[in-house]
Structure formats: structure tokens, C-alpha cells
Asker: 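Before I ask anything, here is the structure I am working with.
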2 protein chains.
Amino acid sequence: MSAIRVLIAEDQAMILGALAALLAGEPDLAVCARAVNGRAALCALAAERPDVLVTDIEMPEMTGLTLAAEARARFPATQVVILTTFARPGYLRRALEAGARGYLLKDRPAAELAEAVRRVHRGERVIDPELAAEAWASDPDPLTERERQILWRAGEGRSSAEIAAEVHLSEGTVRNYLSEAISKLGAANRIEAARIARQKGWL
Amino acid sequence: MSAIRVLIAEDQAMILGALAALLAGEPDLAVCARAVNGRAALCALAAERPDVLVTDIEMPEMTGLTLAAEARARFPATQVVILTTFARPGYLRRALEAGARGYLLKDRPAAELAEAVRRVHRGERVIDPELAAEAWASDPDPLTERERQILWRAGEGRSSAEIAAEVHLSEGTVRNYLSEAISKLGAANRIEAARIARQKGWL
DNA sequence: GCGCCGGCATGACAAGTGTCACGCGCGAGT
DNA sequence: ACTCGCGCGTGACACTTGTCATGCCGGCGC
């Protein structure tokens, strides 16, 4: 029985090295290549044809999501696991549409990475359970386009009057939209509302 | 010759595990404990008295910078290495003021971490060279400790009254500090002030 | 001792913010 | 034609925020 061959793509070199060291500790896994951006990862995919690709999302040159789609199209034998900081349902959805078989968060225990690689290689899907629940349960974005537009500006520190001028509304209306957004998000003020919306990926 | 004992603090569990695996590959280093936030790290410091503390900056409970200061004050035998994503001169300055002996970026090669630990343990300083150059050119942090403390909370969306209760000051005083911070940063309000300070690495 | 400065506080005022009730016009559904 | 919802606006009110002048007190230099 030969080891599962893994390619890791991650833009922070030290994290890349650390993840490689982590997987190197598993006897049934072998890190056959590393890449610090999406383009390098594609080259490595072509050269090595690994069993599993583990990739970050936010990388220069090419994001992990487009990399996943490319990998799916050109090297269907390679299964893709997304490994990211961001628990955003929007990212998960796009990852699955791109053909990724796994979606794992960087704040999960280290042991889950190796396990996810094994399970994906067996043909299973591995989705972070909390995120999966959240993705289906959470009502997708209670904000209207106007509210988003205005709340975003408020989060940057602009005053109601400035926002009103920017979006061509009256100041009172801007305050109404903000009030509405604040109550929808259960916040105490515009700042907290912006924080919550950002965190949920609605801004 | 016994191994250098290292404590790692990092809020993303998988990265924490990966870094530990990375250092575990070095025969002269031993990871004696791990912590996923500043408070846990302090406990581990007291219990283990490691030779070197490697810590992230942005963590829940207590940031790596305050952790570094605490470590310096209470466990001076432990040398501190900051390991972070952020190449912000303000962070570097505060890290050094807090008594850190090393400041390393996560996008440096993985091998530098072990090397930095060794050098810091020998009493040397290890500062990311690019960042060190930039740090001298940039303007210094204008904020006092109080202003930072209060502005940070304001940036989270808390009201003056809430902040006053948290830091045991009167509400008027909190407003005075915020006003001072706003004018120092050339901002129009607390939100913009927090944004500017964050971007410069002063929060 | 004295003056001086920094941290903290108070009070007052103007401006900005959050909420609510209400009104207008417009397109869609019946 | 009538109502309904929706996007937008107004005005009023209470509250929060930003600013400033002023003052207290403890530590420091001299």
C-alpha cells in the first residue's frame, strides 16, 4: 500500500512549511509538492498528479476557489480540500460549486487535516460541521441592497450626512435604513451592526 | 545538552498544531506546551517556565503584545518571539517595547522559525529585516495606553457608557480620551479613528 | 516649600445618532 | 379602481457623541 500523495498550496511560507511538517508526521501520507500561490500549484498539479490537493483560499495570483475549479476540470483524479480561516457560508458554497470535496477551517484541531485528507481520498466529502449547519440554517442575508450600501459606508466611519450625499438620499432616510439594519442584526448601534454584517459575510 | 523548551501560543488550532509539528522536527527544540489564547498562555508560562515563548499577535482574550509584556514582567527568563501575519511597524515597535526579542512574519520560510528560536535563546535579537527598515521610516504611535484601550473598545461598537464601566472610568473621561485620540489621528469620529489606528498597527 | 505636569473628573453645549409615527407616489395583484 | 407593499421622505424626540473650559490631586524636579 503506497502513501497518499498530497500537494499543499498556501501563501504564507511558514504556515506552508508547518502544514507540511504536520502531514509528514503521518506515515500514510506523503507531501509530494508545495506551492505558494495558485499558479505554482497548477504547475505542481500537472507535474505530480497528486491524490489530494490541500489549498488555502486567499492567495495571490489565483485564489484557492478558482484553483479548485481548474484542478477539477483538468486533473479530475485529484481531490480538493479547501483549508481556510474564513467560516463564510458564501465561500463554502463557491468551494462546493468549484468541485471541492472538503472544506476545513484553520481553527479546527490539527489532527483533522490528516483525517480529512484520508477521507477525501476515499471518496467521501468532509465539510466543517458547524459551517455546514450554519450554511443551511442561516437565513441568507437579511439586508437589502440599500442597507448594505449604507451600512458599509457607516462602517468606514462616515457620518449620516456624508453617506446621504454619496448615495443621493436624504439624511433622514439614511438614518432610517441604518436603524432598520441595526434592528435586523440585533446590534446596539451602526458600528456593531457593521461588525456583525462583516463577520457573517454580508458586507 | 538539553533541548530548548518552547511554548507556542496561536489561536488557530490547526496552525498551532502545524507549528508544533514543525518545531518537533528539530532535535534541539522541544515544544513543552501549547495555548490557543493569551490567558491560557499565561497559565502555561507559569506552569512550564519555557525557555522561549512563540506567540501570534491577534488572539482572543489577550493579544500577543500584552502577553509579551506580562511574560517579560513575570517570567523574565522566558524570551519572547512574536510570529505574525502583519508587517505593521506599529506592531513591531510595541512588540519591542513589550520586551519581545524576536519579530517574525508568517510569510518567511519555515526554517527561520527554528533558527529564530535558537538565536533568541542565545540572547540575540531577531527582527524581520524588511520590516525593521520600514519601522524607522514611519511615524511613531501617538496613542497612549489608555487611548488605545478605549479606542479599541469603541471600534468594537461599544458605547461610551459601556466602555466607562469596563475600564472603571467616568463616561466623560472616556469621551475625553476618545476626543483626544480622534484629533491625534485626524479623524472625524471614533469609528474612523479606530479604522486609521488599526490600519497603522496602533491598535 | 514651590511650580508644573499628567491622569482623571465635571459640566455644559452643539452636533450627530437611533427611533418612531406618519405621509407620498408608484407599480403589481385582485 | 382599489388596496397593498415598497422605496423614500419628513419631523420630532431622546439619547449619544465630540469638544472645551475648568478643576482636583498626586508625583517630580528644583
Side-chain angles (χ1 to χ4, degrees), chain A residues 139-200 202-203, chain B residues 62-63 65-66 69-70 73 90 93-94 97-98 139-200 202-203:
Chain A
D139 29 18
D141 202 339
L143 300 177
T144 68
E145 199 45 53
R146 272 294 196 209
E147 286 162 359
R148 194 184 344 281
Q149 182 186 38
I150 288 173
L151 186 56
W152 184 80
R153 285 171 167 79
E156 296 290 293
R158 304 224 231 300
S159 70
S160 303
E162 286 170 324
I163 297 173
E166 284 179 33
V167 300
H168 308 296
L169 289 177
S170 85
E171 183 182 338
T173 304
V174 167
R175 301 226 305 279
N176 283 340
Y177 279 124
L178 280 171
S179 182
E180 186 61 19
I182 288 167
S183 90
K184 276 181 181 176
L185 298 174
N189 54 50
R190 56 177 71 189
I191 315 174
E192 200 184 345
R195 215 169 49 79
I196 292 173
R198 256 193 292 266
Q199 176 207 320
K200 298 254 191 180
W202 294 334
L203 271 195
Chain B
M62 179 186 300
T63 80
L65 293 172
T66 49
E70 282 288 310
R93 177 188 309 271
R94 283 164 58 204
E97 282 167 4
D139 32 26
D141 187 345
L143 300 176
T144 69
E145 198 47 51
R146 272 292 195 208
E147 287 161 358
R148 195 185 341 281
Q149 182 186 38
I150 287 172
L151 187 55
W152 184 81
R153 285 169 166 79
E156 297 290 293
R158 304 224 230 300
S159 70
S160 303
E162 287 170 324
I163 297 173
E166 284 179 33
V167 301
H168 308 295
L169 289 177
S170 84
E171 182 181 337
T173 304
V174 166
R175 301 225 303 279
N176 283 341
Y177 279 123
L178 280 171
S179 181
E180 186 61 20
I182 289 167
S183 90
K184 277 181 179 175
L185 298 174
N189 54 51
R190 56 177 70 191
I191 316 174
E192 199 183 345
R195 215 170 48 81
I196 293 173
R198 255 194 291 267
Q199 177 205 322
K200 298 254 192 181
W202 295 334
L203 267 195

Asker: If you assign each of Thr144(B) and Ile191(B) to its closest nucleotide in DNA chain C, which residue comes earlier from the 5' end?
Answerer: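 It is Thr144(B) whose nearest nucleotide is closer to the 5' end.
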
Asker: To the nearest 0.5 Å, what is the distance between CH2 on Trp202(B) and CZ on Arg93(B)?
Answerer: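 If I round to the nearest 0.5 Å, the distance is 9.0 Å.
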
Asker: Is the phosphate of dT19(C) approached by Ser179(A) (side-chain N or O, under 4.0 Å from OP1 or OP2)?
Answerer: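 The answer is yes; a side-chain N or O of Ser179(A) sits under 4.0 Å from OP1 or OP2.
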
Asker: Does anything in residues 164-178 of chain B come within less than 4.0 Å of DNA chain C? Heavy atoms only, and list the residues if so.
Answerer: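 Leu169(B), Ser170(B), Gly172(B), Thr173(B), Arg175(B), Asn176(B), Tyr177(B), in order of number.
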
Asker: Does some side-chain heavy atom of Val174(B) sit less than 4.5 Å from a side-chain heavy atom of Arg153(B)?
Answerer: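 Arg153(B) vs Val174(B): side chains apart.
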
Asker: What is the distance from atom CG of Leu169(B) to atom CG of Asn176(B), rounded to the nearest 0.5 Å?
Answerer: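 Rounded to the nearest 0.5 Å, the CG-CG separation comes out at 10.5 Å.
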
Asker: Output, in order, the C-alpha distance, side-chain angles, deciding distance and verdict of side-chain hydrogen bond (donor to acceptor under 3.5 Å, both in side chains) for Thr173(A) and Arg146(A).
Answerer: CA-CA 11 Å; Thr173(A) 304; Arg146(A) 272 294 196 209; over 6 Å; no

Asker: Between Arg148(B) and Glu145(B), does a salt bridge (charged side-chain N to carboxylate O under 4.0 Å, His left out) hold up when you go through it step by step?
Answerer: CA-CA 5 Å; Arg148(B) 195 185 341 281; Glu145(B) 198 47 51; 3.3 Å; yes

Asker: I need the CD-P distance between Glu162(A) and dA15(C), as an integer number of Å.
Answerer: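 For the pair Glu162(A) CD and dA15(C) P, the rounded distance is 16 Å.
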
Asker: Taking CZ from Arg190(A) and C1' from dC15(D), how many angstroms apart are they, rounded to a whole number?
Answerer: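 Rounded to whole Å, this separation is 14 Å.
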
Asker: Rounded to whole Å, how long is the line connecting atom CD1 of Ile150(A) with atom P of dT17(C)?
Answerer: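 Rounded to whole Å, this separation is 13 Å.
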
Asker: Return the value, rounded to whole Å, for the distance between atom CZ of Arg158(A) and atom P of dA15(C).
Answerer: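 In whole Å, dA15(C) P lies 23 Å from Arg158(A) CZ.
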
Asker: Over how many whole Å does the gap from Glu180(A) atom CD to dC20(C) atom P extend?
Answerer: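 That distance rounds to 10 Å.
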
Asker: If I take atom CD from residue Glu162(B) and atom CD from residue Glu171(B), how far apart are they, to the nearest 0.5 angstrom?
Answerer: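 The CD atom of Glu171(B) is 10.0 Å from CD of Glu162(B), to the nearest 0.5 Å.
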
Asker: Using whole Å, what does the distance between atom C1' of nucleotide dT17(D) and atom CD of Glu192(B) come to?
Answerer: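 Answer to the nearest Å: 15 Å.
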
Asker: Expressed in angstrom and rounded to an integer, what is the separation of Arg153(B) atom CZ from dT17(D) atom C1'?
Answerer: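 That distance rounds to 19 Å.
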
Asker: Determine: side-chain N/O of Arg146(A) to OP1/OP2 of dC8(D), distance under 4.0 Å, yes or no.
Answerer: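 Affirmative; the distance criterion is met.
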
Asker: At under 4.0 Å, does any side-chain N or O of Ser160(B) touch on OP1 or OP2 of dT16(D)?
Answerer: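 No.
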
Asker: Taking atom CD1 of Ile150(A) and atom CD of Glu166(A), what is their separation to the nearest 0.5 Å?
Answerer: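 Result: 10.5 Å between the selected atoms.
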
